[in-house]
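Counting starts at 1 for both ligands and their atoms, following the listed order.
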Amino acid sequence: MTDEREPVADGNLILILGDQLSRNIPSLTDADPSRDILLMAEVMEEASYVRHHKKKIAFVFSAMRHFAQELEAGGWRLRYVRLDDPGNSGSLTGEIDRLRAQHPLTRVVVTEPGEYRLKSALLDWAEQAGAELDLRQDSRFLCSHQRFRRWAEGRKQLRMEYFYRDMRRETGLLMDGGQPEGGKWNFDHENRKPAGGGLFLPRPLQTTPDSITEEVLDLVDARFGGHFGTLRPFWFAVTRDAALEALECFVEEALPDFGDYQDAMLEGERFLYHSVLSQYINAGLLEPLEVCRRVERAYFEGRAPLNAAEGFIRQIIGWREYMRGIYWLNMPGYTDQNFLEAARPLPEFYWTGETGMACLAAAISQTRDDAYAHHIQRLMVTGNFSLLAGVDPFQVHEWYLAVYADAYEWVEAPNVIGMSQFADGGLLGSKPYAASGNYINKMSDHCAGCRYDVKRKTGADACPFNPLYWDFLARNAQKLRENPRLRHVYRTWDRMTAERQNEYLDTARKVLARHFGE
Ligand code: FAD
Ligand code: DLZ
Ligand code: SF4
């Protein structure tokens with residue numbers, strides 16, 4: 001897949017990143033196949049800036065190789081650099097240099113990288129090399145950085161709901177003239193059903209690896225064997241066609257119940273009614289808007305209820321766009337925030353799943369096996385535990401960035417630093433997502449099989465989330481007590497006897513000692 005034809009000087013060098021696997025990216029739309037040379041490169045720097053899950057690396061490399069094959073079949077001049085190619089420089093800028101040494105192309109065209117880190121590296125490189133770098137806005141997103149900045153300017157508080165309504169108006173999705181379909185913007189109060197036994201549980205589409213993927217799996221096994229996660233069985237889609245099949249499978253089988261059971265968790269059921277499409281959308285195999293239009297169509301054809309279609313579309317044109325806006329508005333520096341001054345190290349069991357807490361063991365072991373956990377597991381189980389225990393948010397952020405197949409900093413960091421760990425002090429969310437074991441018990445069946453007792457608040461058998469919840473509130477009272485959404489819980493704390501408070505704090509101390517060796 002290496003272009004060895006005559007040197008070219010008058011075209012552009014177009015760099016396509018591993019999460020830009022779409023023909024609609026702006027760096028390709030006006031490209032000239034007869035003059036321009038495309039560059040795609042598997043490089044150690046991208047594969048190891050965090051120790052990505054093995055399945056994530058395999059997914060990205062295999063999807064890159066399949067996309068490169070499509071481009072070549074479409075007549076493009078493409079240099080594809082494999083990780084183990086002799087001479088691979090190890091970095092994307094190094095690969096640009098190597099290609100320019102052979103073809104003295106003056107202009108480098110790139111669709112803007114999703115991560116600040118890589119955008120800065122490319123800008124630094126261009127300055128040092130004296131090269132012309134044409135960075136183009138990523139048109140796969142609905143809201144540009146400028147547009148988000150304008151929206152945010154002058155607002156005392158940034159809240160997703162108002163941003164989302166603008167996106168609905170702008171896209172026309174689920175709109176009835178100027179009004180939201182069904183008369184309401186948001187049907188979330190219908191979306192909090194716990195799952196029970198006897199439900200029909202669909203499975204996301206599972207694809208059998210072809211020879212390209214098998215070769216990548218062997219490479220990942222050999223080169224990244226020490227990284228977190230189980231590599232085989234590998235079942236992700238790695239082409240646009242297969243990702244479209246996965247979308248159809250979701251719309252047909254899971255979408256109708258997506259809304260009702262969005263917050264539910266069930267032992268042994270990893271996906272419930274979630275779409276498991278985020279890795280495909282983030283890598284470019286699916287376009288966010290086409291996914292939303294498909295879901296809207298299912299609603300108008302009577303194949304999915306409004307609470308499901310609206311809930312799903314809100315996640316994409318609302319949360320996903322909003323998270324990206326927050327990230328670029330606050331970088332650099334957003335990932336270093338630590339409003340609650342949390343300083344404990346990430347517990348070892350986040351890497352092994354070896355813990356007696358059944359909810360955490362389930363979330364972490366499926367993360368290890370599938371590089372996937374759904375939103376409520378990420379937010380209310382692994383995220384909630386590290387928040388309550390006071391784990392350093394940067395370590396939590398690095399864990400999330402490494403372990404999920406859909407993890408890129410632009411979407412992961414606002415979810416972790418902002419939404420889950422409240423490390424930005426409330427820029428993104430109005431209160432911390434802190435909860436005792438009661439929430440997990442209500443939304444899941446994990447507690448029934450747990451060695452801890454969710455009903456016990458203190459003592460050796462108490463569910464650790466219970467004492468940690470009060471310890472978190474007591475520890476952070478100075479910073480959180482005046483939060484209007486927490487006043488009632490502080491009133492409950494204040495009404496407890498000093499003896500009861502001490503029982504909570506004492507049990508919390510023992511839990512922390514057990515997990516952090518304090
Ligand atoms: P579904 O439940 O089927 O939702 C549909 C789609 O909506 C998703 O595919 C995704 O594109 C979008 N979406 C839903 N929630 C969010 C959200 N909060 N932010 C952005 N998009 C959203 N999502 C990532 O894509 N990458 C991450 O690295 C990531 N890290 C997260 C870390 C934490 C602590 C939390 C709480 C959430 C994180 N999310 C992340 C958001 C969300 O959990 C995942 O998008 C979702 O679980 C992916 O599974 P799914 O495709 O089955 O989603
Ligand atoms: C995630 C990833 C990995 C594992 N490897 C590569 C790679 O070798 N080459 C590449 O171009 N992209 C890779 N990616 C995706 C990039 O990390 C991603 O483009 C940046 O983080 C910007 O979002
Ligand atoms: Fe999790 Fe507590 Fe329930 Fe155990 S009892 S599963 S630790 S919430």
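Remark: minimum distance from atom 6 (C) of ligand 2 to any protein heavy atom is reached at Glu46 CB, 3.4 Å. Nearest protein heavy-atom contact of atom 5 (C) of ligand 1 is Phe312 CE1, 3.3 Å. Nearest to atom 14 (C) of ligand 1 among the protein's heavy atoms is Gln315 CB, 3.4 Å. For atom 11 (O) of ligand 1, the nearest non-hydrogen atom of the protein is Arg320 CD, 3.7 Å. The single protein non-hydrogen atom nearest to atom 9 (N) of ligand 2 is Ala41 O, 2.7 Å, given as residue, atom name and distance. Val276 N, 3.5 Å is the protein heavy atom nearest to atom 50 (P) of ligand 1. Shortest contact from atom 8 (O) of ligand 2 to any protein heavy atom: Val43 N, 2.8 Å. Protein heavy atom nearest atom 2 (C) of ligand 2, with residue, atom name and distance: Val60 CG1, 3.8 Å. In this structure, atom 31 (C) of ligand 1 lies nearest to the protein heavy atom Asn415 CB, 3.6 Å. Ranking protein heavy atoms by distance to atom 27 (C) of ligand 1, first place goes to Asp406 OD1, 3.3 Å. In this structure, atom 53 (O) of ligand 1 lies nearest to the protein heavy atom Ser275 OG, 3.9 Å. The protein non-hydrogen atom at the shortest distance from atom 42 (C) of ligand 1 is His375 ND1, 3.5 Å.
Protein nitrogen, oxygen and sulfur atoms, that is N, O or S, within less than 2.8 Å of atom 3 (Fe) of ligand 3 amount to 1.
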Compile the donor-acceptor pairs under 3.5 Å between side chains in residues 458-468 and protein atoms, sequence neighbours left out, one pair per line.
residue: Thr458; atom: OG1; partner: Arg500; partner atom: NH1; Å: 3.4
residue: Asn466; atom: OD1; partner: Gly437; partner atom: N; Å: 2.9
residue: Asn466; atom: ND2; partner: Val454; partner atom: O; Å: 3.0
residue: Asn466; atom: ND2; partner: Arg456; partner atom: O; Å: 3.0

Could you list the donor-acceptor pairs under 3.5 angstrom formed between side-chain atoms of residues 372-382 and any protein atom two or more places apart in sequence or on another chain?
residue: His374; atom: ND1; partner: Ile376; partner atom: N; Å: 3.4
residue: His374; atom: NE2; partner: Ala264; partner atom: O; Å: 3.3
residue: Gln377; atom: OE1; partner: Gln366; partner atom: NE2; Å: 3.2
residue: Gln377; atom: OE1; partner: His374; partner atom: N; Å: 2.9
residue: Gln377; atom: NE2; partner: Gln366; partner atom: OE1; Å: 3.0
residue: Arg378; atom: NE; partner: Ala373; partner atom: O; Å: 2.7
residue: Arg378; atom: NH1; partner: Asp406; partner atom: OD1; Å: 3.1
residue: Arg378; atom: NH1; partner: Asp406; partner atom: OD2; Å: 3.4
residue: Arg378; atom: NH2; partner: Ala373; partner atom: O; Å: 3.0
residue: Arg378; atom: NH2; partner: Asp406; partner atom: OD2; Å: 3.0
residue: Thr382; atom: OG1; partner: Gln377; partner atom: O; Å: 3.2
residue: Thr382; atom: OG1; partner: Arg378; partner atom: O; Å: 3.4
residue: Thr382; atom: OG1; partner: Tyr400; partner atom: OH; Å: 2.8

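Considering both main-chain and side-chain atoms, Asp19 comes within under 3.5 Å of ligand 2 through a nitrogen or oxygen pair. Checked by distance only, ligand 2 and Gly18 come closer than 3.5 Å through their nitrogen or oxygen atoms.
Taking the ring centre of Tyr49 as origin, the terminal cationic atom of Arg117 falls inside the region bounded by 6.0 Å and 45° from the ring axis.
Neither the backbone nor the side chain of Phe250 has any atom closer than 4.0 Å to an atom of ligand 1 (non-hydrogen atoms only). Looking at Tyr372 against ligand 1, only its side chain comes within 4.0 Å, counting heavy atoms. For Leu92, every heavy-atom contact with ligand 2 shorter than 4.0 Å involves the side chain, none the backbone. Contacts of Arg117 with ligand 2, taken as heavy-atom pairs under 4.0 Å, involve the side chain alone. Heavy atoms of Phe61 found under 4.0 angstrom from ligand 2 belong exclusively to the side chain.
Using a 4.0 Å cut-off to heavy atoms of Gly114, the atoms of ligand 2 that qualify are 22 (C), 23 (O). Interface of Leu17 with ligand 2, defined as ligand atoms under 4.0 Å from a residue heavy atom, comprises 11 (O), 19 (O).
Ion pairing between Arg203 and Glu269 holds under the 4.0 Å rule for side-chain N and carboxylate O.
The minimum heavy-atom distance linking Tyr433 with Leu387 is given by the pair O-CD2, 3.5 Å.
Distances shorter than 4.0 angstrom occur between a heavy atom of Tyr49 and an atom of ligand 2.
Among residues two or more places apart in sequence or in another chain, the ring-ring contact (aromatic ring centres under 6.0 Å, His included) test is passed with Phe228 by His53, Trp351.
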